[in-house]
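The block underneath contains the structure these notes are about, expressed in structure tokens.
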Amino acid sequence: MNLNEKGKGRVVAIVGRPNVGKSAVFNRIAGRRVAIVHDESGVTRDRLMREVDWDDQKFSLVDTGGIMLLDAKSGRDAIETGIRAQVDSALADAAAVILVVDVQHGVHPMDEEVAQIVRKSDVPCVVAVNKCDLPKHEVGADEFMRLGFACFPVAAQHGRGMGDLMDAVLPYLPEAVNETAEKPLRVAVVGRPNAGKSSYINCLLKEERVIVSDVAGTTRDSIDVPFTIGSGDQARHYTLIDTAGMRNRHRVDSAVERFSLFRAEESVRNADVVVLIMDPELGPTVQDKHIAALIQKEHKACVLLLNKWDLAMAQGMKAKETEQTLRAVMPFMNYCPLLLVSAKTGYNIRKSVDVIDAVAAQSRLTLPTGILNRTLTEATHRVVAPAKARKRLRVYYAVQVCVAPVTVRLFVNDPKLATKQYTDFMIRSLRKRFGLEGAPVVIFYRARARPERTGARGKAASIDATDATETD
């Protein structure tokens with residue numbers, strides 16, 4: 001899927017001067033502790049993004065660094081200028097803005113500066129008057145009406161007032177486009193024979209749509225099963241693909257089994273998300289690792305499920321130890337979320353759908369170019385780049401070119417110098433910054449001439465794009 005130009009989507013940006021509690025507001029709306037919350041001014045310098053589901057309304061939430069006043073006479077601080085650029089970029093994408101202020105300090109000149117920036121952007125805005133921990137603090141919220149926006153007293157740390165704030169924000173978002181209505185999310189359920197794939201699908205559907213048997217190999221072909229959660233415009237549509245158990249190729253001894261294996265592999269290639277089901281009592285087997293390797297080879301988003309957890313608990317297995325064992329045996333899949341489920345009892349089955357949705361959203365995430373380049377630049381400073389014949393790899397800049405999978409093109413001096421270990425390190429750096437749980441990430445390289453340095457400040461000249469080559 002190519003990355004195309006698009007208008008404003010369902011994006012809410014959080015802005016404000018430093019140390020007013022923007023990250024606390026972000027964490028409260030996102031529903032989990034994502035942003036760093038600290039009393040030190042200016043802790044958040046880059047944008048943070050998360051897909052949020054608030055009262056069945058899905059949207060992207062963006063946190064920004066604190067805005068500083070810029071004094072032209074004394075020169076602009078590089079970090080402060082970068083923060084302002086991040087905020088401008090966030091406002092350019094946002095359909096609504098939450099301006100966070102601190103009731104304990106009253107209206108600050110920088111609050112007025114931020115309000116002026118937001119007004120110039122012409123993006124609808126509401127003010128979150130934060131740190132109203134007690135009802136008596138709400139009186140001070142009226143002072144912020146002079147900023148020209150509707151004000152809502154909140155205490156992000158405790159959740160007070162957040163419902164009223166979000167009730168004011170959500171109407172500004174454009175109508176949600178249900179992409180799954182015309183193109184349902186294709187979810188391939190794969191695993192070894194008798195791992196419980198058909199039982200899992202039947203439990204989701206709450207009916208016996210596919211045959212379940214203790215005899216391995218009951219499912220011989222890949223079966224597409226429509227599945228919908230919810231109703232109306234908010235309904236989520238899926239195509240569940242029940243696949244035949246994937247045995248080791250060397251043990252396939254009939255034409256029917258070879259056909260079944262071929263169809264299962266084809267289902268993986270055509271899926272948006274692959275659910276790999278394993279048996280916790282048997283543990284991750286060699287064949288499980290082979291299937292996981294196929295998922296990685298095809299660059300597919302992935303969720304790991306350990307089915308039959310009711311039986312595992314009856315055997316005295318513990319969740320923490322089981323997960324540690326799986327992660328140790330399959331470290332190359334550690335970026336994929338892992339869930340313990342039971343198709344027999346229904347344990348965590350509904351939650352697995354939410355995880356599938358989250359992974360699908362992560363695989364379609366667009367990484368802001370500025371943060372992407374800053375992340376990779378920081379990564380290059382942490383390790384020594386590979387070299388051959390006294391020539392060392394140099395990374396100039398990066399752009400994201402595709403989603404599903406998230407694909408990044410790195411412009412370098414010589415693509416032949418890149419190694420798999422270095423590429424894996426860069427991918428880990430991207431995951432550390434952006435999350436990308438369960439989402440495939442692909443990096444490839446393109447040659448560019450060394451940027452020429454001109455002038456005292458050393459600005460890079462334009463880069464010649466001729467004779468460019470690419471490598472995976």
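FYI, side chains are in, hydrogens and waters are out, and symmetry mates aren't considered; it's all heavy atoms of this structure.
- Of the possible donor and acceptor atoms, none in the side chain of Asn373 sits under 3.5 Å from a partner among the backbone N and O of Tyr397.
- No donor-acceptor distance shorter than 3.5 angstrom exists from the side chain of His158 to the backbone of Arg160, with no hydrogens or angles considered.
- A distance-only check finds a donor-acceptor pair linking the side chain of Ser429 to the backbone of Phe425 [under 3.5 Å].
- Checking each of Ile201, Val275, Val225, Val303 against Val187 for a side-chain contact (heavy atoms from CB on, under 4.5 Å) leaves exactly one that passes, namely Val275.
- Residues Lys197 and Ile277 approach most closely at CA-CD1, 3.9 Å, considering heavy atoms.
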Using side-chain hydrogen bond (donor to acceptor under 3.5 Å, both in side chains), reason through Asp63 and Ser23 one step at a time and then give a plain yes or no. CA-CA 7 Å; Asp63 190 15; Ser23 293; 3.3 Å; yes
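- If you take CG on Leu338 and CE on Met330, they are separated by 9.5 Å, rounding to the nearest 0.5 Å.
- Without hydrogens or angle criteria, Asp102 side chain to Gln104 main chain gives a donor-acceptor distance under 3.5 Å.
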Would Ser198 and Asp242 satisfy side-chain hydrogen bond (donor to acceptor under 3.5 Å, both in side chains), going step by step from the backbone distance to the final call? CA-CA 6 Å; Ser198 297; Asp242 186 24; 2.7 Å; yes
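- Taking the ring centre of Tyr335 as origin, the terminal cationic atom of Arg431 falls inside the region bounded by 6.0 Å and 45° from the ring axis.
- Taking every heavy atom of both residues into account, Val442 and Pro405 meet most closely at CG2-CG, 4.0 Å.
- Salt bridge present: Glu323 and Arg327 bring a charged side-chain N and a carboxylate O closer than 4.0 Å.
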Given side-chain hydrogen bond (donor to acceptor under 3.5 Å, both in side chains), test Arg394 with Tyr396 step by step and report yes or no. CA-CA 6 Å; Arg394 292 184 180 275; Tyr396 299 137; 5.7 Å; no
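- Remark: side-chain polar atoms of Asn348 are paired, donor with acceptor, to backbone N or O of Leu340 under 3.5 angstrom.
- Side chain of Thr243 to backbone of Val189: a donor-acceptor contact under 3.5 angstrom is found.
- Counting only distance, with no hydrogens or angles, the side chain of Gln400 and the backbone of Cys402 share a donor-acceptor pair below 3.5 Å.
- No donor-acceptor pair under 3.5 Å is formed between the side chain of Lys22 and the backbone N or O of Val100.
- At a threshold of 4.0 Å, the pair Asp424-Arg428 does not count as salt-bridged, since none of the basic side-chain nitrogens sits closer than that to a carboxylate oxygen.
- Side chain of Asp111 to backbone of His108: a donor-acceptor contact under 3.5 angstrom is found.
- Across all non-hydrogen atoms, the minimal contact from Tyr422 to Ala385 is CE1-CA, 3.8 Å.
- The backbone N or O of Gly196 lies less than 3.5 Å from no partner atom in the side chain of Lys308, so there is not a single donor-acceptor pair.
- No side-chain donor-acceptor contact under 3.5 Å links Arg28 and Gln157.
- Asn307 and Tyr347 share no side-chain donor-acceptor pair at under 3.5 Å.
- At a threshold of 4.0 Å, the pair Glu175-Arg10 does not count as salt-bridged, since none of the basic side-chain nitrogens sits closer than that to a carboxylate oxygen.
- Between Asp224 and Arg186 there is a salt bridge, since a side-chain N of the basic residue sits under 4.0 Å from a carboxylate O of the acidic one.
- Salt bridge absent: Asp272 and Lys183 never bring a charged side-chain N and a carboxylate O closer than 4.0 Å.
- Just one residue in the list Leu99, Val118, Val97 forms a side-chain contact (heavy atoms from CB on, under 4.5 Å) with Val127, and that residue is Leu99.
- Atom CD1 of Ile295 sits about 7.5 Å away from atom CG of Leu304, to the nearest 0.5 Å.
- Leu165 and Ala128 get closest at one heavy-atom pair: CD2-CB, 4.0 Å.
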